[in-house]
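Comments concern the structure below.
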Amino acid sequence: MLSQISKRYDHNEVEDKIYELWERSGFFNPDNLDVEKDAKSYTIILPPPNITDKLHLGHSAMLAIEDLLVRFHRMKGFRALWVPGTDHAAIATQNVVEKNLLKKGITRQSLGKEKFLEEVWKFLNETQATIQHQMRKMGASMDWSREAFTLDEPRKKAVRKMFVDMYNAGLIYRGYRVVNWCPRCHSTLADDEVEYKEETGKLYWLKYGPFILATSRPETKLGDTAVAVHPDDPRYKDMVGKKFMIPGVLGDFEIIVVADKAVDKDFGSGAIKVTPAHDFADYEIAQRHHIPMKQIIDEDGKMMDNCGKYAGMTTVEAREEIVKDMEKMGLIDHIEENYVHNLATCYRCGTVIEPIPSKQWFVAVDKKIEKLGNKSLKERALEAASKKEIKFIPERFTKRYSDWMTNLHDWCISRQIWFGHDIPVWYKGQEIYVGEVAPKGDEWTQDPDTLDTWFSSGMWTFSTLGWPEDYKDGKKTEDLAKFHPTQVLETGYDILTLWVSRMIIMTIFALDEVPFENVYLHGLVLDKHGKKMSKSKGNGIDPLEMIEKYGTDAVRLSLLLGSTPGNNVRISEEKIENFRNFVTKLWNIYRYFASNPRAKLKDNIEKDDLKSLSDRWIVSELNSLISEVSDDVEKYRFSLAGEKLEKFTWDKFAAWYVEIHKMEKNDIVLGYVFDKILKLWHPFTPFVTEKIFRDFYEDKLLMVEKYPESDKNLINKEAVNEFGALQEAISKIRNIRTSYHIDSKLIINAHSENIKNKEIIEKLVRIKLDNINHEMRTLNIGNINLDITNIIDVQKEIASLEKEIKNMENSIAKTEALLNNDNFIKKADMDIINQTKTRVDEYKEKLRVQRDLVDNLKQL
RNA sequence: GGGUAUUUAGCUCAGCUGGUUAGAGCGCACGGUUCACAUCCGUGAGGUCACUGGUUCGAGUCCAGUAAUACCCACCA
């Protein structure tokens with residue numbers, strides 16, 4: 001059989017075929033799984049990647065983790081479902097397509113909406129196909145029959161219904177407000193889509209009628225309608241409530257002085273100018289004091305017609321001009337250079353944000369409604385976390401979520417871009433119609449805006465599971481009943497607030513339940529220097545290239561091991577290469593195994609099948625491993641689980657048991673352990689394990705085999721201890737061989753009065769054991785006497801042994817002191833005390849052996 | 001300004017509820033290739049677990065503080 005098995009594991013040859021086999025089997029779809037009638041479902045909805053680009057290594061990490069979870073639970077007998085999909089990423093996609101078109105000299109406006117959208121769809125069909133291909137290459141066991149897109153027909157329908165329902169419940173309203181406006185994207189942005197960048201600018205101190213006050217934006221003076229001071233500030237007490245005429249570059253204008261606690265007495269002069277239309281804090285002050293609003297900046301970020309000679313300038317141009325003019329008029333007190341402050345920019349394109357007033361659609365997060373038990377969306381969303389209906393892994397993110405949710409303002413959901421979900425609202429003069437389908441009659445025009453991309457992705461867990469069809473009269477049916485709430489949302493911590501919190505809000509409203517029971521947050525994938533991978537830096541690692549070079553299994557392992565939840569992972573090609581070596585190791589174990597024509601995988605074993613110490617030992621270790629690994633995976637400790645598996649496979653099984661099998665030839669045990677190894681590894685490295693398994697069973701799939709259960713009866717502590725002693729003796733002899741440069745081919749004579757495991761020792765350390773006590777200079781290891789005549793440097797060996805003896809004596813002293821400590825005896829657990837006692841006995845025994853050894857050497 | 005995390009071997013990182021002589025991979029040193037595997041095997045060197053206190057019979061692990069680093073949130077005119 002071995003001759004037919006290729007010497008190398010050729011992942012490129014194997015992987016696509018295996019994936020096709022899985023896909024054709026239909027088992028990605030839980031409806032086809034052969035599970036118990038009352039089997040629980042296990043659902044993960046894939047966080048849909050943006051169709052703006054192909055997948056990067058961060059996505060690969062996400063896919064590796066989710067596939068691990070899904071495969072694990074599928075093998076555990078769950079109705080496992082993983083729904084794939086992609087996100088239309090409204091603004092981001094529009095920007096990418098716009099940029100591409102600009103390279104050809106075409107602008108969005110010149111194409112017109114319809115033609116432009118055609119270009120967008122052309123683009124997204126391509127990237128979508130690439131993404132689907134990449135997911136398959138990662139081995140993702142997703143149910144493609146349920147694949148979704150945030151902007152396909154079913155999702156459009158769901159979004160429309162959601163909007164209408166929320167509107168009817170009074171949670172969606174239209175308001176005229178100051179919003180974050182990106183003059184480049186020509187659209188609003190949500191608060192958390194704004195990025196702040198530090199900038200060194202100037203702080204202008206203005207002579208402002210009776211005041212002197214500081215501002216970084218003197219051009220907004222044209223829109224000022226008030227001055228605000230702190231109510232307790234004695235300097236301005238008498239001025240509150242009075243009106244003043246302020247000299248300005250376009251003539252005098254009137255302001256009113258108001259007292260508001262938002263003002264910081266200690267900053268600047270303690271008085272601030274209020275520009276309600278172009279500053280959030282000012283807008284809020286204006287609301288509280290009923291101050292009028294005067295808009296001076298338009299949607300292009302330019303000064304409006306009411307700005308006299310400054311009209312048409314950008315804010316930056318206007319600032320320079322106005323400052324010049326104010327200086328001429330003597331209105332500038334002084335200018336502070338190098339003033340460091342934060343600049344609000346658009347997270348998609350980096351353009352400076354202008355706060356401007358605008359009519360937009362909002363979701364009210366603080367409004368209490370009956371449907372939510374007279375609570376607000378915010379209250380219910382906070383409850384979900386505090387009542388642990390949703391658990392965060394790692395737990396610390398609960399706090400981040402709650403803090404963010406507590407400070408949430410009404411969510412602006414309308415966007416002035418072309419690509420996205422249409423808003424199901426129609427206008428006829430002053431009349432407004434909100435409904436899932438357009439009202440009859442020609443005179444109605446639909447709202448030209450589209451919805452924030454998070455509105456549709458916020459519905460992702462249920463819009464993909466048949467909502468609204470599978471939800472009648474508050475009852476879930478079909479898929480929605482079977483698979484919702486989902487078990488885990490696995491995603492990067494960077495979108496905890498952007499996305500996760502919105503899903504919670506939307507789902508609570510639509511279904512009166514949480515979207516998922518657990519939120520597992522993985523870190524960012526960084527390069528080996530801890531830097532973010534990016535195209536511009538050229539430090540990115542392309543997942544497909546790595547898969548091609550090292551195989552998917554190796555790539556998956558490099559992303560799963562050596563990391564902890566919520567922490568960033570550094571990855572390098574060397575790391576991937578390393579795990580490729582492990583996959584090769586697994587393959588070589590298989591080659592050894594299959595070199596025996598009688599080799600068969602064995603699902604079960606009887607105690608009688610265990611013939612030797614080695615058998616009892618490896619089977620015991622295996623069964624301990626099974627329960628630990630299951631437990632680790634269930635508790636999201638993938639890295640730990642993988643490391644334990646690796647250690648078992650490489651160090652225990654390959655390095656020890658397989659070597660011993662060459663002598664003992666217990667094929668049953670070998671087949672049993674190997675069978676379990678393949679199953680335990682499958683969720684981590686699905687391809688190589690499936691390939692090996694299929695070589696034994698043409699008509700079965702490892703993917704749907706039962707996950708191993710630990711059999712406690714096979715755990716044998718004595719065997720583990722005894723084998724440990726054997727390993728130690730062998731290591732010691734090997735150690736002696738290397739430290740004294742004994743020719744590796746030289747077979748050392750040795751004798752023992754009571755030889756156990758003779759063959760193993762002889763073979764593994766190249767000695768010849770007999771039980772006749774010759775007259776020879778010997779070195780005693782355990783109960784083995786090595787004939788070291790003329791071989792070793794006695795003094796050197798004594799010195800090294802004495803060092804060990806000293807260490808051992810220290811350990812004994814420390815442990816005995818502990819045992820003599822009354823407090824320890826009184827307070828420690830009985831188990832711990834017993835363990836400690838056993839330990840001290842073991843130490844003493846070792847010490848005795850070593851002392852004998854030294855005495856023995858000294859006599860030579 | 002507020003918050004969270006990180007700090008363990010030369011490098012990258014594990015270490016779950018406090019309890020053996022703190023681990024892995026890479027790198028390094030030495031030795032090894034007919035016998036599954038040089039993408040390998042064997043042996044070894046290398047750590048005051050950032051620092052200072054505290055709680056405890058017992059601290060890498062818990063608490064407080066300090067320092068460095070990273071990130072998040074808020075935004076102040």
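Here the structure is a predicted model, which is why all the values come from computation and not from measurement.
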Query raised in the report: Counting any heavy atom closer than 4.0 Å, what does Ala655(A) reach on the DNA or RNA strands: base, sugar-phosphate only, or nothing?
Result: sugar-phosphate

Report task. Pick base, sugar-phosphate or nothing for Arg580(A), based on heavy-atom distances below 4.0 Å to the nucleic acid. Result -> base

Query raised in the report: When you look at Tyr843(A) and Asn810(A), which way does the side chain to side chain donor-acceptor pair (under 3.5 Å) test go after all the steps?
Result: CA-CA 10 Å; Tyr843(A) 286 171; Asn810(A) 284 338; over 6 Å; no

Query raised in the report: Any side-chain N or O of Asn735(A) under 4.0 Å from OP1/OP2 of G44(B)?
Result: yes

Query raised in the report: Is the distance between the ring centroids of Tyr520(A) and Phe638(A) less than 6.0 Å?
Result: yes

Query raised in the report: Where the side chain of Thr564(A) is defined as all heavy atoms beyond and including C-beta, which of G19(B), G42(B), G15(B) is the nearest nucleotide?
Result: G15(B)

Query raised in the report: Do Glu646(A) and A14(B) have a side chain to base donor-acceptor pair shorter than 3.5 Å?
Result: no

**Report entry** Heavy-atom side-chain proximity of Asn518(A) to Tyr636(A) below 4.5 angstrom
**Finding:** yes

Report task. Please report, rounded to the nearest Å, how far the C1' atom of A36(B) is from the CZ atom of Phe674(A). Result -> 11 Å

Query - Touch class at under 4.0 angstrom, heavy-atom based, for Arg637(A) against every strand present - result: base

Query raised in the report: Under 4.5 Å between any side-chain heavy atoms of Val257(A) and Phe211(A), yes or no?
Result: yes

Requested in this report: Examine C41(B): is either OP1 or OP2 under 4.0 Å from a nitrogen or oxygen in the side chain of Trp650(A)? Give yes or no.
Outcome: yes

Requested in this report: Please state how far atom NE2 in His409(A) lies from atom C1' in C75(B), giving the value in whole angstrom units.
Outcome: 11 Å

Report task. Can you sort out the partners of Glu634(A) under salt bridge (Lys or Arg N to Asp or Glu O under 4.0 Å), two or more places apart, ordered by chain and number? Result -> Lys76(A)

Query raised in the report: Contact class for Glu574(A) vs. all strands (heavy atom < 4.0 Å): base, sugar-phosphate, or nothing?
Result: nothing

Report summary line: From NZ of Lys528(A) across to P of U12(B) the rounded distance in Å is 10 Å

Requested in this report: Write down the distance between NE2 (His741(A)) and P (C30(B)), rounded to a whole number of angstrom.
Outcome: 10 Å

Report summary line: Paired to U43(B) by Watson-Crick or G-U wobble criteria (both distances under 3.5 Å) is A29(B)

Report summary line: Value for OG (Ser269(A)) from OH (Tyr208(A)), rounded to nearest 0.5 Å, stands at 11.5 Å

Requested in this report: Look at the side chain of Ser811(A) against the base of U21(B) and say whether a donor-acceptor pair falls under 3.5 Å; ignore hydrogens and angles.
Outcome: no

Report summary line: Closest of C75(B), G19(B), U39(B) to the Thr584(A) side chain is U39(B)

Query raised in the report: Given C37(B), is OP1 or OP2 found less than 4.0 Å from the side-chain N or O atoms of Lys7(A)?
Result: yes

Query - Residue whose closest nucleotide on RNA chain B lies nearer the 5' end, Ala271(A) versus Asp829(A) - result: Asp829(A)

Query raised in the report: Would you say the side chain of Asp403(A) and the base of C73(B) hold a donor-acceptor pair, judged only by whether the two atoms sit under 3.5 Å apart?
Result: no

Report task. Whole angstrom is fine here: how far is it from CZ in Arg766(A) over to C1' in G42(B)? Result -> 11 Å

Requested in this report: Could you check which nucleotide pairs with U69(B) in any of the strands shown, counting Watson-Crick or G-U wobble with both distances under 3.5 Å?
Outcome: A5(B)

Report task. Give the rounded distance in Å between these two atoms: CD1 of Ile660(A) and P of C35(B). Result -> 20 Å

Query raised in the report: Per the atom types in the model, does the base of C37(B) pair as donor or acceptor with the side chain of Arg591(A) at under 3.5 Å?
Result: no

Query raised in the report: Of all residues at least two apart in sequence or in a different chain, which pass the side-chain hydrogen bond (donor to acceptor under 3.5 Å, both in side chains) check with Arg734(A)?
Result: none

Query raised in the report: What is the distance from CG of Asp279(A) to C1' of C76(B), rounded to the nearest Å?
Result: 10 Å

Requested in this report: Taking only the side-chain heavy atoms of Asn581(A) (C-beta and beyond), determine which of C40(B), C75(B), C35(B) contains the nearest atom.
Outcome: C40(B)

Report task. Searching all strands shown, indicate the nucleotide that pairs with U17(B) (Watson-Crick or G-U wobble; both distances under 3.5 Å). Result -> none

Report task. May I ask you to say what Tyr843(A) touches in the nucleic acid, namely base, sugar-phosphate or nothing, with a heavy-atom cut-off under 4.0 Å? Result -> base

**Report entry** Any Ile272(A) side-chain heavy atom under 4.5 Å of Ile285(A) side chain
**Finding:** yes

Report task. State plainly whether the residues Asp631(A) and Arg637(A) are in salt-bridge range, i.e. N to O under 4.0 Å. Result -> yes

**Report entry** Heavy-atom closest pair, residues Glu643(A) and Leu561(A)
**Finding:** N-CD2, 3.9 Å

Query raised in the report: What does C76(B) pair with, Watson-Crick or G-U, if both distances are under 3.5 Å?
Result: none

Report task. Indicate, yes or no, whether a donor-acceptor pair under 3.5 Å links the base of A14(B) to the side chain of Lys647(A). Result -> no

Report task. Report, as a single string ordered 5' to 3', how protein heavy atoms within less than 4.0 Å touch nucleotides 4-9 of chain B: B base, S sugar-phosphate only, - not at all. Result -> SSS---

Query raised in the report: What about Arg8(A), does its side chain sit under 3.5 Å from the base of U39(B) through a donor-acceptor pair?
Result: yes

**Report entry** 5′-ward residue of the pair Val658(A)/Ser731(A) relative to RNA chain B
**Finding:** Val658(A)

Requested in this report: Classify the nucleic acid contact of Asp264(A) as base, sugar-phosphate or nothing, counting any heavy atom under 4.0 Å across all strands shown.
Outcome: base

Query raised in the report: Within the structure shown, what part of the strands sits under 4.0 Å from Phe280(A) by heavy-atom distance: base, sugar-phosphate, or nothing?
Result: nothing

Report summary line: Of the candidates U43(B), C16(B), U21(B), the side chain of Arg839(A) sits closest to U21(B)

Report task. Could you check whether Ile589(A) gets within reach of a base, just the sugar-phosphate, or nothing at all, counting any heavy atom under 4.0 Å? Result -> base

Query raised in the report: The side chain of Thr815(A) lies closest to which of these nucleotides: U43(B), U21(B), G19(B)?
Result: U21(B)

Requested in this report: Side-chain contact test, heavy atoms from C-beta onward, threshold under 4.5 Å: evaluate it for Val688(A) versus Tyr590(A) and give yes or no.
Outcome: no

Requested in this report: May I ask you to evaluate whether Tyr339(A) reaches the phosphate of A77(B), defined as a side-chain N or O under 4.0 Å from OP1 or OP2?
Outcome: yes

Query raised in the report: Partner of U61(B) by Watson-Crick or G-U wobble geometry, both contacts under 3.5 Å, or none?
Result: none

Query raised in the report: So does Lys585(A) get a side-chain nitrogen or oxygen closer than 4.0 Å to the phosphate oxygens (OP1/OP2) of C41(B)?
Result: yes

Query raised in the report: Heavy atom of residues 213-222 of chain A under 4.0 Å from RNA chain B: which residues?
Result: Ala214(A), Thr215(A), Ser216(A)

Query raised in the report: Residues two or more places apart in sequence or in another chain: which of them pass side-chain hydrogen bond (donor to acceptor under 3.5 Å, both in side chains) with Lys261(A)?
Result: none

**Report entry** With sequence neighbours excluded, residues passing side-chain contact (heavy atoms from CB on, under 4.5 Å) with Asn539(A)
**Finding:** Asp527(A), Lys531(A), Met533(A), Ser534(A), Lys537(A)

Requested in this report: Give a yes/no on whether any side-chain N or O of Tyr493(A) is located under 4.0 angstrom from OP1 or OP2 of C72(B).
Outcome: no

Requested in this report: Under 4.0 Å between any heavy atoms, over every strand shown, what does Glu809(A) touch: base, sugar-phosphate, or nothing? Just pick one.
Outcome: nothing

Query raised in the report: Choosing from U33(B), G19(B), G15(B), which nucleotide comes nearest the side chain of Lys745(A)?
Result: U33(B)

Report task. In whole angstrom, give the distance that lies between atom NZ of Lys531(A) and atom C1' of U69(B). Result -> 12 Å

Report task. Verify the contact: side-chain N or O of Lys644(A) to OP1 or OP2 of A14(B), cut-off strictly under 4.0 Å; return yes or no. Result -> no

Query raised in the report: Taking the side chain as C-beta and beyond, is there a heavy-atom pair between Asp224(A) and Ile246(A) under 4.5 Å?
Result: no

